[in-house]
Amino acid sequence: MAVVPLLLLGGLWSSVGASSLAVVTCGSVVKLLNTRHNVRLHSHDVRYGSGSGQQSVTGVTSVDDSNSYWRIRGKTATVCERGTPIKCGQPIRLTHVNTGRNLHSHHFTSPLSGNQEVSAFGEEGEGDYLDDWTVLCNGPYWVRDGEVRFKHSSTEVLLSVTGEQYGRPISGQKEVHGMAQPSQNNYWKAMEGIFMKPSELLKAEAHHAEL
């Protein structure tokens, strides 16, 4: 998988024009903020010492950590063309830019809270169907300034943070896990990154609505 130069990611935003077109699109590379606990979704080449033993996923308070960038892609075995707006209710994959592994969940117990483990899985962006997450939001599309939830498409848990904190070697990082019930702990917002401009299809829809 091609690695995006991280020097280009320091808060760059594509110009979209009309605010109604400020949607999140396939191919965008973003940081995701848990709005309740003020941590960004993060991963790194550190494996869980229990459960699946796969690459760990955590939440970090740092705004500048390059390990918090995720590429938005279509669900497993599909291609979502760059610039295609993400619809509410659409399944997607989130691929960790630096390691090429996908946000993943399965029936393992998370190490701190005892909820469902969330890990990063696969190689060079390719894993399996347990990498698929459905975007839950209000309205037709996932918009940049809106809060969303991510529901694991297979097990139906919600991507969550409840505040449990790791010790060494990742001291201060928060546990990310899956929870069955919706709450303030599972709201996320797109923050820093590179946002691909919406496709001409969405622009045409907006123009038609104005008429």
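- Not a single side chain to side chain donor-acceptor pair (under 3.5 Å) links Arg36 to another residue, sequence neighbours left out.
- Contact check for Ser105 versus Trp133: side-chain heavy atoms found under the 4.5 Å cut-off.
- Checking Gln90 against Thr134 by side-chain atom types alone, no donor-acceptor pair falls below 3.5 Å.
- Atom CG of Asn138 has 12 or fewer heavy atoms from other residues, nucleotides or ligands within 6.0 Å.
- In this structure, the side chains of Met179 and Val157 stay at 4.5 Å or more apart for every pair of heavy atoms.
- The closest side-chain donor-acceptor pair between Ser110 and Asn115, if any, does not fall under 3.5 angstrom.
- Residues meeting the side-chain contact (heavy atoms from CB on, under 4.5 Å) test with Glu147, sequence neighbours left out: Thr35, Tyr187.
- Cation-pi check for Lys31 over Tyr69 is met; the charged atom lies under 6.0 angstrom from the ring centroid and within 45 degrees of its normal.
- Side-chain atoms of Ser160 and Asn186 include a donor-acceptor pair closer than 3.5 Å.
- Annotation for Asp131 and Arg93: closest pair O-CG, 3.6 Å, computed over non-hydrogen atoms.
- Smallest separation of non-hydrogen atoms from Cys137 and Val148: CB-CG1, 3.6 Å.
- Ser154 is listed as a side-chain neighbour of Tyr129, based on a closest heavy-atom distance under 4.5 Å.
- Checking His44 against Ser56 by side-chain atom types alone, a donor-acceptor pair falls below 3.5 Å.
- A side-chain donor-acceptor contact under 3.5 Å links His106 and Glu117.
- Ring planes of Trp142 and Phe150: perpendicular class, angle over 60° (limits at 30 and 60°).
- At least one side-chain heavy atom of Leu103 sits less than 4.5 Å from a side-chain heavy atom of Val118.
- Of all heavy-atom pairs between Val60 and Ser68, the closest is CG2-OG, 3.6 Å.
- The same ILVMFWY cluster, assembled from side-chain heavy atoms under 4.5 Å apart, contains both Val135 and Ile72.
- Partners of Glu164 according to the side chain to side chain donor-acceptor pair (under 3.5 Å) rule, which considers only residues two or more places apart in sequence or in another chain, are Thr162.
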Exercise for the section: Show your reasoning for whether side-chain contact (heavy atoms from CB on, under 4.5 Å) applies to Val97 and Val29. Expected result: CA-CA 8 Å; Val97 170; Val29 176; 3.7 Å; yes
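- By the 4.5 Å heavy-atom criterion applied to side chains, Cys88 and Leu136 are not counted as neighbours.
- The minimum heavy-atom distance linking Val24 with Phe195 is given by the pair CG2-CE2, 4.2 Å.
- Tyr141 contributes no side-chain N or O that, together with a main-chain N or O of Ala22, makes up a donor-acceptor pair within less than 3.5 Å.
- The closest side-chain donor-acceptor pair between Thr109 and Gln116, if any, does not fall under 3.5 angstrom.
- Put simply, the side chain of Gln173 does not reach to within 4.5 Å of the side chain of Val39, judged on heavy atoms.
- Between atom CG of residue Asp132 and atom NE2 of residue His152 there is a gap of 7.5 Å, rounded to the nearest 0.5 Å.
- What you find for Gln55 and Ser43 is that their closest heavy atoms are NE2-OG, 2.9 Å.
- Closest non-hydrogen pair, Asn67 versus Asn98, comes out as OD1-ND2, 3.0 Å.
- For the residue pair Ser52/Ser119, the side-chain donor-acceptor check at 3.5 Å is not satisfied.
- Residues Leu33 and Trp188 fail the side-chain proximity criterion, which asks for heavy atoms closer than 4.5 Å.
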Exercise for the section: Verify side-chain contact (heavy atoms from CB on, under 4.5 Å) between Cys26 and Ile86, making sure each step is shown before the conclusion. Expected result: CA-CA 7 Å; Cys26 283; Ile86 302 296; 3.4 Å; yes
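- Using modelled atom types and a 3.5 Å distance limit, the side chains of Arg73 and Thr95 yield a donor-acceptor pair.
- Counting heavy atoms from C-beta on, the side chains of Glu192 and Val63 come closer than 4.5 Å.
- Side-chain heavy atoms closer than 4.5 Å link hydrophobic residues (I, L, V, M, F, W, Y) into clusters, and following such links, even through other members, never connects Val46 to Phe108.
- In terms of hydrophobic clustering, with Ile, Leu, Val, Met, Phe, Trp and Tyr side chains grouped at heavy-atom distances under 4.5 Å, Leu41 and Ile170 are assigned to a common cluster.
- A donor-acceptor contact under 3.5 angstrom links the side chains of Thr58 and His42, judged on distance only.
- Taken from OG1 in Thr25 to CD1 in Ile194, the straight-line distance is 11.0 Å, to the nearest 0.5 Å.
- Using a 4.0 Å cut-off between charged side-chain N and carboxylate O, Arg101 and Glu124 make no salt bridge.
- The closest side-chain donor-acceptor pair between Asn185 and His37 falls under 3.5 angstrom.
- One distance of note links CZ of Arg40 with CG of Asp65; it measures 10.5 Å at 0.5 Å rounding.
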